[in-house]
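Here is the naming used below: chain letters follow the sequence lines, and residue numbers restart at 1 for every chain. What you see is a predicted model, and the numbers here were worked out from it, not measured in a lab.
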There are 2 protein chains.
Amino acid sequence: MPETLPENSVGLVTAQKQHFEEPLALTCGRTLENYDLVYETYGELNADQSNAILICHALSGDHHAAGYHSMDDRKPGWWESCIGPGKPFDTNHFFVVALNNLGGCSGSTGPNTLNPASGQLWGSDFPIVTVEDWIQSQARLADSLGIQQWAAVVGGSLGGMQVMQWSIDFPERIRHALVIASAPKLSAQNIAFNEVARQAILSDPEFFDGHFYQHDTVPHRGLKLARMLGHITYLSDEAMRGKFGRELREGKINFGFDVEFQIESYLRYQGQSFVNRFDANTYLLMTKTLDYYDPAAKFDNELARAFTHGDTEFLVCSFTSDWRFAPERSQEIVHALLDARRKVTYAEIEANQGHDAFLMPIPQYMNVLNAYMARVKKEIS
Amino acid sequence: MPETLPENSVGLVTAQKQHFEEPLALTCGRTLENYDLVYETYGELNADQSNAILICHALSGDHHAAGYHSMDDRKPGWWESCIGPGKPFDTNHFFVVALNNLGGCSGSTGPNTLNPASGQLWGSDFPIVTVEDWIQSQARLADSLGIQQWAAVVGGSLGGMQVMQWSIDFPERIRHALVIASAPKLSAQNIAFNEVARQAILSDPEFFDGHFYQHDTVPHRGLKLARMLGHITYLSDEAMRGKFGRELREGKINFGFDVEFQIESYLRYQGQSFVNRFDANTYLLMTKTLDYYDPAAKFDNELARAFTHGDTEFLVCSFTSDWRFAPERSQEIVHALLDARRKVTYAEIEANQGHDAFLMPIPQYMNVLNAYMARVKKEIS
């Protein structure tokens, strides 16, 4: 808990909720009759609404991207490193919007909210939403905030997929697209990891076919396993070696199944914390949203053809030690953009933190974001 | 089921069992008062007992390394590609021995055998055994077979660790050491994957603290998850892409949690098959055996000092796309051997199959093994 909030933080923030009455037709064929989106904003929208930035969250993120909800908060929002006064997404100049996506579990309509049709929580009856569905709902949020065009849409990982889809579905509404540590679609290996995570949750006897709320429990074993596995893929082998090596927690081997190595302690802790804050149905949904994303599919698998409309300019960033979404995957995006004759800047950041690097204030990375956003800033002033 | 057995197979084989009455003091401090080892042999031991090869199995292997148990067998032993007449471990010239290690679940004393002290199956009361313990038990098996010195000890992955330990503990009893797709110790990432697999089993409500046999059940959910996860690490990203890509099983997305992608189908099938043939307590033990292995630890973490005794010659093999035990890990072994002034041949095989490559008849790999074993053959003739 900070006694005083850091000067370069947006400080105390309050989440807001927007209710949408217009039905949303989803890719899966079902319709959400109405829904809520929870969001936060940082900075001020300027008079001509030209300084708005949308932040899209990844698998386990939410609308709380920066600042603190109270002076008692132990931690700030998940992208505090990048959002705030003087930071790349500089709240002295930009109006930053971050939302919790549909299907999320932090206040927006999703599995842990009320299904009006049944009077119960949605649970596994909540439809599987796609990146395309999210973009539609985010566009309506933009409308409600009076934002016709985003100065930039920004996201890492699954967030980067949303950024790409904005440029495909609403090219006239996005001037700059910042696609960070992402991929044009999941590989078989990515899907495989998601599948093991899903099976861990689905096979947990306390999952109750996704209606565990009514049984006053959660599939804690499965969700914990899913998160432990996730964390392995977020870190590089090198980062794990540097952080934990083969260090023993008690200095010696005990020939038993309690925690022995530091890495075991870390994973169990991360897994348990996640169970306390995240919803298992949302985790299942988000992994499916990831698996399904494949914007080239509609274009005979030619990604470049998805990017042919509009004037959006791109920054694509990757991290050398990221093996979940390796630099090669970002390069596929860059090549498609070049083939589509789009303006694109590509930065491959030397970093040993693995996929998690996109959340960290790595100097070279901050320099790239600052330089790119300085250009965006000029366009609005 | 083959109608006639292939000519280059050892053909029909029968497992044998050896009982040992002399107590075995284990690294963990406990003692096995007596135990059985199940093994198979292929080929004939020559008059001066100079042509014996020991095959050490990896995590989920056993003593059935080659041939068929009956004409109805769907599959031969796990290393049929390398053991047989005219193959690298040529049964026309060598007497090949393969055993199921202590703690295994295929007939040797382990969690699913009777604990004489309790009159029940051992379950989780079975002690955690180390690679060093295995070498001691394997040496006694050699004694019982009249083999004073192995022409070669051979193994891949965890099997390769046993080979190294033979050269450390009984340098005078091993002329050639073939260490394939192995590592001098696990990395933090390796341990992390093992830990998730263990937690999957340990947290399965049907594990019953390792005494599930008495409840007439098995922790099938946990063991299945463990194996699914294992399979991801046995294959390379490239191999998965080649084998499964993003192919959909029914040609279209169904927006549900049944199998959609081919890779999901593969993993679920592999996981379920494993549940039908393997023991969860053995799986737990074997992952611990892997985690603990660190022969340099006794030598101030200088691996070379572990290798200073004897005249054993080494072949070390790795595979380019193996990310579980990458070529760099094999190179650590090679460097230590060179520092210890040992004769060592190193081969890095171009292969896209990942860690599983060591089980496959890849031409370059077979050439290397054949060439090396031709030398060993000369020494015995």
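Your options are A:S236, A:A192, A:P127, and the one with the most heavy-atom pairs under 4.5 Å with chain B is A:A192. Among B:L248, B:L235, B:L285, B:V196, the residue with the largest count of heavy-atom pairs under 4.5 Å with chain A is B:V196. In terms of non-hydrogen atom pairs under 4.5 Å with chain B, the most contact-rich of A:N254, A:I253, A:L267 is A:I253. Chosen from B:V259, B:I191, B:I263, the residue pairing most often with chain A at heavy-atom distances under 4.5 Å is B:I191. Here B:E260 is the residue among B:Q262, B:E260, B:K224 with the most heavy-atom pairs under 4.5 Å with chain A.
Remark: B:S265 OG to A:E195 CD distance equals 9.5 Å, nearest 0.5 Å. Atom CZ of residue B:F255 and atom OG1 of residue A:T130 lie 6.5 Å apart, to the nearest 0.5 angstrom.
Neither the backbone nor the side chain of A:N190 has a heavy atom closer than 4.5 Å to any heavy atom of chain B. For A:E206, no part lies near chain B; criterion is any non-hydrogen pair under 4.5 Å. Contact annotation for A:K185: both backbone and side-chain heavy atoms come within less than 4.5 Å of a heavy atom of chain B. For a residue to count as touching a neighbouring chain, one of its non-hydrogen atoms must lie under 4.5 Å from one of that chain's; by this rule A:Y266 does not touch chain B. Residue A:R268 touches chain B through its side chain alone, counting heavy-atom pairs closer than 4.5 Å. A:L225 touches chain B through backbone and side chain together, each having a heavy atom under 4.5 Å away. Residue contact with chain A, scored on non-hydrogen atoms closer than 4.5 Å, involves the backbone and the side chain of B:L229 alike. A:Y292 touches chain B through backbone and side chain together, each having a heavy atom under 4.5 Å away.
The shortest side-chain heavy-atom distance between B:D291 and A:E264 falls under the 4.5 Å cut-off.
The shortest heavy-atom contact between A:G245 and B:A188 is O-CB, 3.2 Å. Residue A:D237 comes nearest to B:S187 through the heavy atom pair OD1-OG, 3.5 Å, listed as atom of the first residue, atom of the second, then distance.
Using modelled atom types, no side-chain atom of A:R246 and backbone atom of B:D294 make a donor-acceptor pair closer than 3.5 Å. Here the side chain of B:R221 pairs no donor or acceptor atom with the backbone of A:D204 at under 3.5 angstrom.
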Determine, step by step, whether A:K288 and B:F257 satisfy the side-chain contact (heavy atoms from CB on, under 4.5 Å) criterion, reporting the C-alpha distance in whole Å, the side-chain angles of both residues, the deciding distance to 0.1 Å, and the verdict.
CA-CA 8 Å; A:K288 276 292 183 184; B:F257 294 101; 3.6 Å; yes
Test side-chain contact (heavy atoms from CB on, under 4.5 Å) applied to A:I232 and B:Q189, step by step:
CA-CA 7 Å; A:I232 299 179; B:Q189 189 187 67; 4.0 Å; yes
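Around atom CZ of A:R249, no more than 12 heavy atoms belonging to other residues, nucleotides or ligands sit under 6.0 Å away. Within 6.0 Å of atom CG in A:D209, 12 or fewer heavy atoms from other residues, nucleotides or ligands are found, so the atom counts as exposed in its surroundings.
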